[in-house]
Amino acid sequence: MNKIKFIALTLLTSILVSCGTTSTVPITGRKHRLSVDDASMLSLSTQQYQEYLKSAKLSTNATNTALVKKVGQRLADAVESYLNNNGFANEVQYFQWEFNLIQDNQVNAFCMPGGKIAVLEGLLPVTKDEGSLAIVLGHEIAHAVAKHSAEQMTKANNSNVLLQIGAVAAAAAGASNEMVQTGAAIAGQGLTLLNLKYSRDNESEADYMGLIFAAMAGYDPNVAITFWQRMAAQSQQQVATWMSSHPSDEKRIADIQKHLPEAMQYYQAAVAKAPATTSSAKKSSSAKKSTSTKKSTTGTKKSTSKGFTIGK
């Protein structure tokens with residue numbers, strides 16, 4: 001009997017060690033082993049995102065909705081350009097970008113694998129401007145590019161295998177069923193805490209990558225500091241860092257400050273490419289002014305829009 005249990009333990013260990021493929025995270029270069037492939041994640045994500053949209057209410061604010069989509073696509077284009085030019089071209093096919101603004105007062109946004117992103121309207125009064133919105137969307141896009149969901153699923157799968165290994169090992173050692181169940185519960189709690197810490201690592205990685213992505217798209221990364229300061233100020237509940245899935249506000253801001261010099265290099269490179277477009281726009285504008293007749297501005301009505309507009 002013990003021999004059979006030993007064989008089962010060996011098989012479970014082999015499954016844990018052998019499953020998955022090694023993947024490299026763009027920008028950071030970190031390597032992680034994933035047991036869920038990109039095609040499966042995209043398929044699952046697409047289904048769940050569509051289900052979410054059936055129950056959620058899309059924003060009726062056309063201005064804000066258009067801005068979310070514009071900023072999101074601008075970031076997505078910059079990210080795909082980076083991936084294509086830096087050895088990750090084969091991964092671009094697994095992104096089907098979608099950006100939606102949702103009627104919800106929560107201060108939040110989320111991203112599903114494959115680039116399925118939702119911004120909740122409650123976040124807009126905190127972002128306040130287009131640059132800060134780019135910081136948020138860059139962070140969410142980073143979760144997709146770094147494959148954090150697949151990573152979390154892999155860890156969950158591995159955790160289940162580890163619990164099975166522990167149960168088999170305990171039973172093989174002659175432990176009672178009660179002891180095995182108690183041990184599994186303790187082990188499960190330990191693995192949960194490890195996953196929370198791991199989630200904080202993912203969040204910090206997304207902060208860094210998102211900062212770089214926003215800079216690549218031509219958004220000034222310096223606005224990230226004031227944005228996260230506003231986020232910290234509106235926080236209604238403080239959770240001890242070791243029990244939270246996110247880094248503390250202080251650590252998050254300090255890390256961003258540390259990465260700003262690198263992000264500024266990407267931003268300056270993006271700005272250097274912009275003059276040609278800017279120059280053309282200016283020429284077009286000048287031409288329109290020179291050919292148009294002067295109109296009196298007296299009595300012109302100032303346009304306003306309902307709701308909070310984060311655009312300029």
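We use all heavy atoms of the structure for the numbers below, so side chains are in, but hydrogens, waters and symmetry mates are not.
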task: Show your working on side chain to side chain contact (heavy atoms under 4.5 Å, CB included) between L53 and I102 and close with a plain yes or no.
output: CA-CA 9 Å; L53 291 180; I102 306 299; 4.1 Å; yes
task: Give the C-alpha distance, both sets of side-chain angles, the deciding distance and a yes or no for side chain to side chain contact (heavy atoms under 4.5 Å, CB included) between F227 and D129.
output: CA-CA 9 Å; F227 165 69; D129 53 60; over 6 Å; no
- request: Might you work through the side-chain hydrogen bond (donor to acceptor under 3.5 Å, both in side chains) test for N100 and Y49, ending with a clear yes or no?
  value: CA-CA 11 Å; N100 283 295; Y49 191 70; 3.0 Å; yes
- request: Quick one: do Y266 and Y219 satisfy ring-ring contact (aromatic ring centres under 6.0 Å, His included)? Show the steps, please.
  value: CA-CA 10 Å; Y266 285 97; Y219 291 104; over 10 Å; no
task: Could you go through the side-chain hydrogen bond (donor to acceptor under 3.5 Å, both in side chains) check for R230 and S132 one step at a time?
output: CA-CA 11 Å; R230 290 195 298 272; S132 296; 3.1 Å; yes
task: Please lay out, stage by stage, how Y208 and F213 fare under the test side chain to side chain contact (heavy atoms under 4.5 Å, CB included).
output: CA-CA 9 Å; Y208 167 51; F213 289 159; over 6 Å; no
- request: Start with the C-alpha distance between S149 and M112, add both sets of side-chain angles, then the distance that settles side chain to side chain contact (heavy atoms under 4.5 Å, CB included), and finish with yes or no.
  value: CA-CA 7 Å; S149 293; M112 298 178 71; over 6 Å; no
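In this structure the side chain of V119 never reaches within 4.5 angstrom of the side chain of F99, judged on heavy atoms. At a threshold of 4.5 Å between non-hydrogen side-chain atoms, the residues V136 and L123 count as touching. Side-chain contact between E130 and L67 is present, with at least one heavy-atom pair separated by less than 4.5 Å. Contact check for H32 versus V25: side-chain heavy atoms found under the 4.5 Å cut-off. Side-chain contact between M264 and D220: present, with at least one pair of heavy atoms (C-beta onward) separated by less than 4.5 Å. In this structure, the side chains of K116 and F110 stay at 4.5 Å or more apart for every pair of heavy atoms.
A distance of 8.5 Å separates CG in N222 from CG in L211, rounded to the nearest 0.5 Å. Note that CD of E98 and SG of C111 are 11.0 Å apart. Values are rounded to the nearest 0.5 Å. Between atom CD of residue E250 and atom CZ of residue R252 there is a gap of 11.5 Å, rounded to the nearest 0.5 Å. Note that CG of N61 and CD of E121 are 6.5 Å apart. Values are rounded to the nearest 0.5 Å. Separating the CZ atom in R200 from the CG atom in N202 is a distance of 11.5 Å, to the nearest 0.5 Å. Atoms CD1 and CD1, on I212 and I27 in that order, are 6.0 Å from each other to the nearest 0.5 Å.
Of all heavy-atom pairs between A217 and L75, the closest is CB-CD2, 3.8 Å. Nearest heavy-atom pair across L83 and P26 is CD2-CG, 3.8 Å. Minimum heavy-atom separation, I256 to A224: CG2-CB, 3.9 Å. The shortest non-hydrogen separation linking S23 to L34 is CB-CD1, 4.0 Å. Here the shortest heavy-atom pairing between A144 and G115 reads CB-N, 4.0 Å. Shown here for D207 and P247, the closest heavy-atom pair between the two residues is OD2-CG, 4.4 Å.
Between the side chain of T28 and the backbone N or O of R30 there is at least one donor-acceptor pair closer than 3.5 Å. Within the 3.5 Å criterion, the main-chain N or O of N64 finds no donor-acceptor partner in the side chain of K69. Checking side-chain atoms of T154 against main-chain N and O of A150 turns up a donor-acceptor pair under 3.5 Å. The main-chain N or O of H259 is never found under 3.5 Å from a side-chain atom of E262 such that the two would form a donor-acceptor pair. No donor-acceptor pair under 3.5 Å is formed between the side chain of S204 and the backbone N or O of D201. Using a distance-only test at 3.5 Å, with no hydrogens or angles considered, no donor-acceptor pair links the side chain of E140 to the main chain of I117.
Within 6.0 Å of CG on N90 lie more than 12 heavy atoms contributed by other residues, nucleotides or ligands.
Salt-bridge formation is detected for the pair K147/D38: a Lys NZ or Arg NE/NH1/NH2 atom is positioned less than 4.0 Å from an Asp or Glu carboxylate oxygen. Remark: E51 engages K54 in a salt bridge, criterion side-chain N to carboxylate O under 4.0 Å.
Residues V92 and Y94 are members of separate hydrophobic clusters, defined by side-chain heavy-atom contacts under 4.5 angstrom among Ile, Leu, Val, Met, Phe, Trp and Tyr. Linking Ile, Leu, Val, Met, Phe, Trp and Tyr residues whenever their side-chain heavy atoms come within less than 4.5 Å places L58 and Y52 in a single cluster. Transitive grouping of hydrophobic side chains (ILVMFWY, heavy atoms separated by less than 4.5 Å) brings V68 and W97 into a common cluster.
Checked by atom type, the side-chain pair D77/Q73 shows a donor-acceptor distance below 3.5 Å. S59 and Q103 form no side-chain donor-acceptor contact under 3.5 Å, judged by distance and modelled atom types alone. If you check the side chains of T24 and K31, you find a donor sitting under 3.5 Å from an acceptor. No side-chain donor-acceptor contact under 3.5 Å links E203 and H148. Between the side chains of D37 and S40, at least one donor N or O lies within less than 3.5 Å of an accepting N or O.
Shown are V145, L42, V79, I141; of these, the side chain to side chain contact (heavy atoms under 4.5 Å, CB included) with F95 is made only by V145. Just one of D104, L101, N105 meets the side chain to side chain contact (heavy atoms under 4.5 Å, CB included) condition when paired with L120; it is D104.
Ring planes of H143 and H139: perpendicular class, angle over 60° (limits at 30 and 60°).
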